[in-house]
2 protein chains.
Amino acid sequence: MPATIKDVARTAAVSIGTVSRVINNYPDVDPELRERVQAAIRELNYRPNARARTFVQNSTPVISFILSNRSLLNPFHSGILQGVEEYCASAGYFVMFTKYDYSKDVRAEDLSLPGVLRSHGVADCMILAGTNYDNFVEAVEKLGVPHVILSNHHVTEREQTPFDRVGWDDLSGPYEATKYLITLGHRDIWYIGDTALPWYQARYESYVRAMREAGLAPLGQTVELSDNYYANGYASAEFILEKGYPVTAVFAAYDEIAFGAWDSFRKHGLDVPRDVSIVGYGDNDEAQFKAPPMTTVRINKSLVGRQLAQMAIEKLQQPEGRLPEVVIPVSLVKRGSTRPAAAAPIPQS
Amino acid sequence: MPATIKDVARTAAVSIGTVSRVINNYPDVDPELRERVQAAIRELNYRPNARARTFVQNSTPVISFILSNRSLLNPFHSGILQGVEEYCASAGYFVMFTKYDYSKDVRAEDLSLPGVLRSHGVADCMILAGTNYDNFVEAVEKLGVPHVILSNHHVTEREQTPFDRVGWDDLSGPYEATKYLITLGHRDIWYIGDTALPWYQARYESYVRAMREAGLAPLGQTVELSDNYYANGYASAEFILEKGYPVTAVFAAYDEIAFGAWDSFRKHGLDVPRDVSIVGYGDNDEAQFKAPPMTTVRINKSLVGRQLAQMAIEKLQQPEGRLPEVVIPVSLVKRGSTRPAAAAPIPQS
DNA sequence: ATGAAAGCGCTAACAG
DNA sequence: CTGTTAGCGCTTTCAT
């Protein structure tokens with residue numbers, strides 16, 4: 001049975017009010033009493049009861065990170081969670097990790113919500129991460145629970161107000177990457193990636209924009225065998241090579257896709273970057289560890305997480321306030337998997 | 001301001017005691033009253049206040065997953081966390097994610113503990129995951145906080161009582177893997193991996209045992225440039241090849257190490273599995289996605305996590321009880337990166 | 001079967 | 001500056 005504030009008060013021969021003031025670092029306490037209280041705390045090995053404290057203050061320093069419909073094994077999501085925890089810990093908050101899988105086709109009121117939403121007071125603000133749909137967001141809104149949304153994977157049909165959302169810039173990365181390849185003299189630049197998923201769609205369109213601006217024809221290739229990025233990238237490259245299409249550069253919509261394509265090229269005796277330049281997307285750890293290290297678009301997942309956490313804590317303190325959307329910039333990291341295109345044969349005139 | 005139990009009682013014209021009995025599914029409630037209460041709950045959109053409930057019950061349905069000195073980006077750790085969450089959610093518990101970095105050289109009483117341990121009542125049981133040392137474990141013990149330890153990465157100098165610990169079998173996996181390569185006719189089988197870390201040491205010894213039993217000389221190679229597994233595996237293979245040592249098979253102490261070695265072999269024109277067979281360790285998702293898919297030792301991380309969670313919940317309910325250590329078996333997954341050794345040239349007699 | 005009331009540990013408001 | 005006390009929402013015990 002742990003010591004309570006009463007025990008400390010008795011031992012220090014003061015009132016519980018004084019003990020409370022000492023615990024919470026109130027300024028106006030007689031130094032001698034403060035010392036006596038602190039001695040009693042040490043002696044009794046007293047740790048405040050967080051339950052009682054949060055109960056009387058009617059608020060819990062807990063943020064729930066809800067990962068919807070995605071696996072934490074994906075470094076994207078674990079990276080964001082890690083950023084969330086980092087910020088929360090520094091601000092004195094705790095992070096509750098909840099995985100939540102649901103179908104987008106269930107009506108909001110019929111969703112079987114995660115426990116953290118079935119009672120109130122477990123966590124006072126939610127971070128909706130992973131892939132989310134309108135039905136769940138709507139259910140959370142209806143409950144009146146403060147929340148912040150990871151915007152990139154929020155598949156919505158409603159018009160979004162630019163508030164209480166954090167994401168990274170999914171448009172300029174692919175655009176910059178493609179432009180970089182063009183600058184290097186490449187013309188047969190393929191986009192490899194799924195175009196069915198909305199966020200891949202955005203990446204594709206940015207690629208197309210860069211190609212068009214340079215007067216080049218966009219070349220998209222997607223083989224969607226499974227939700228296995230590597231295999232799809234591999235198969236897409238196989239397809240391009242088997243058809244005999246010219247290819248000197250690839251922008252892959254995700255690092256894992258790039259790795260698959262890379263292995264396919266290698267299998268066909270094509271060297272990266274000698275024969276084909278490759279740019280990935282995401283900058284997971286593996287990218288820098290390839291031989292040669294892979295050029296890719298870096299998304300600062302930790303920063304995305306920290307920003308989500310910061311906004312969540314602000315919302316928790318001011319549930320009615322609306323915080324403007326934050327978009328985290330991305331950056332092209334140039335490494336060894338890209339190089340200038342071989343000079344084109346001079347046309348005979 | 002959310003509705004409280006009082007509001008429900010007033011609306012249903014019953015006492016708060018009755019409302020409590022309905023909420024908690026007590027059997028002896030008049031069906032008519034129960035119906036009235038439920039109607040009031042719906043009408044007021046009442047959700048019980050978890051804070052008040054846990055306060056009066058003096059226990060919180062929260063387990064803290066403390067990841068020490070490791071990154072959640074490593075699929076090992078995120079896989080375990082995901083298993084923990086899965087079990088906890090099904091049992092009505094919540095998971096608090098805490099990252100905690102510390103030095104093993106600080107005395108237990110001088111450690112700056114994570115917030116979840118500085119007050120009590122935030123979480124009632126801890127899962128100590130990641131890499132842990134005696135000082136932290138001792139500090140947790142001194143606080144009298146119930147806890148369960150992931151045993152594989154617990155670096156200890158104390159004699160361990162086989163209780164309140166969960167781990168996977170780090171001995172039979174490497175042994176089986178090596179024996180399998182021997183069965184395939186390989187003789188020049190290299191172990192690639194760090195031997196400085198204790199758990200890698202165990203894997204190495206098991207490899208050595210299998211080699212010795214077959215009358216073969218163990219061949220260990222470690223290049224430890226950094227904590228980058230891929231690069232170390234790559235460099236280790238480079239070393240073997242540059243020295244011109246014979247090699248027809250490799251057991252790598254971790255999948256990422258295997259990937260690095262694989263790429264080095266490929267660079268040197270050696271095909272897997274035609275020229276070299278490779279066995280990895282861990283069975284991260286990428287292993288099955290290689291071309292060909294990689295033979296590896298599967299560690300069921302989710303099961304490790306679920307087992308940790310189950311024991312944590314038991315400890316939480318019976319803090320004094322001691323639960324026998326659980327060791328999760330591993331299994332060799334045979335895939336395309338291994339094949340029988342080419343027949344040795346028949347010695348001229 | 002139901003209502004009334006004590007009390008969980010703490011904070012904060014108030015009185016002195 | 002310090003002590004006293006109400007009260008947070010709920011469960012549980014004790015009457016009835």
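Chain identifiers are assigned alphabetically (A, B, ...) following the order of the sequence lines, protein sequences preceding nucleic acid strands; residue numbering begins at 1 within each chain.
In the region residues 36-54 of chain A, proximity to DNA chain D at under 4.0 angstrom, judged on heavy atoms, holds for none of the residues. Contacts between residues 118-126 of chain B and DNA chain C, counted as heavy-atom distances below 4.0 Å, involve no residue at all.
Lacking a ring centre under 5.5 Å from that of the base six-membered ring together with a plane angle below 30°, B:F55 does not count as stacked on D:dC10.
Side-chain contact check for A:E325 versus A:V166: every heavy-atom pair is 4.5 Å or farther apart.
If B:I5 and A:S15 are placed on DNA chain D by their nearest nucleotide, the residue sitting closer to the 5' end is A:S15.
Although no hydrogens or angles enter the test, the distance criterion places no donor-acceptor pair under 3.5 Å between the side chain of A:S119 and the main chain of B:R47. Remark: the backbone N or O of B:W168 is paired with a side-chain donor or acceptor of B:N152 at under 3.5 angstrom. A distance-only check finds a donor-acceptor pair linking the side chain of B:T60 to the backbone of B:G121 [under 3.5 Å].
Donor-acceptor pairing under 3.5 Å is lacking for the side chains of A:T131 and A:N69.
Every salt bridge (charged side-chain N to carboxylate O under 4.0 Å, His left out) that A:R51 has, sequence neighbours left out, goes to B:D124. B:E314 is linked by a salt bridge (charged side-chain N to carboxylate O under 4.0 Å, His left out) to nothing, counting only residues two or more places apart in sequence or in another chain. Annotation: side chain to side chain contact (heavy atoms under 4.5 Å, CB included) contacts of A:E109 (sequence neighbours excluded): A:R107, A:K142. Annotation: salt bridge (charged side-chain N to carboxylate O under 4.0 Å, His left out) contacts of A:E35 (sequence neighbours excluded): A:R42. Take B:A3 and apply the side chain to side chain contact (heavy atoms under 4.5 Å, CB included) test, not counting sequence neighbours, and it matches B:D7, B:L44, B:Y46. Under the salt bridge (charged side-chain N to carboxylate O under 4.0 Å, His left out) criterion, A:R36 pairs with A:E32, not counting sequence neighbours.
One axis for each end of the helix from C:dA1-D:dT16 to C:dG16-D:dC1, each built from five base pairs, and the angle between them comes to 40° at 10° resolution.
You can see that DNA chain C meets the heavy atoms of chain B within a 4.0 Å-exclusive cut from C:dA1 to C:dG9, reading 5' to 3'.
Counting any heavy atom pair closer than 4.0 Å across all strands shown, B:V19 reaches no nucleic acid atom.
Partner of A:M96 under the side chain to side chain contact (heavy atoms under 4.5 Å, CB included) criterion, out of A:I66, A:I63, A:I127, A:V122: A:V122 alone.
Using a 30° and 60° split on the angle between ring planes, B:F136 and B:Y102 fall in the tilted class, from 30° to 60°.
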Could you list, one pair per line, each protein nitrogen or oxygen that sits under 3.5 Å from a nitrogen or oxygen of nucleotides 12-16 of chain D, together with the distance?
{"residue": "D:dT12", "atom": "OP2", "partner": "B:Y26", "partner atom": "OH", "Å": "3.0"}

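Separating the CD atom of A:E32 from the P atom of D:dC1 is a distance of 14 Å, rounded to the nearest angstrom. The NZ-P distance, from A:K6 to D:dG3, rounds to 16 Å in whole Å.
Counting non-hydrogen atoms of other residues, nucleotides and ligands closer than 6.0 Å to CD of B:Q318 gives a total of 12 or fewer.
Pairs of residues two or more places apart, or lying in two chains, that qualify as salt bridge (Lys or Arg N to Asp or Glu O under 4.0 Å) and include a residue from residues 66-93 of chain A are A:E86-A:R306.
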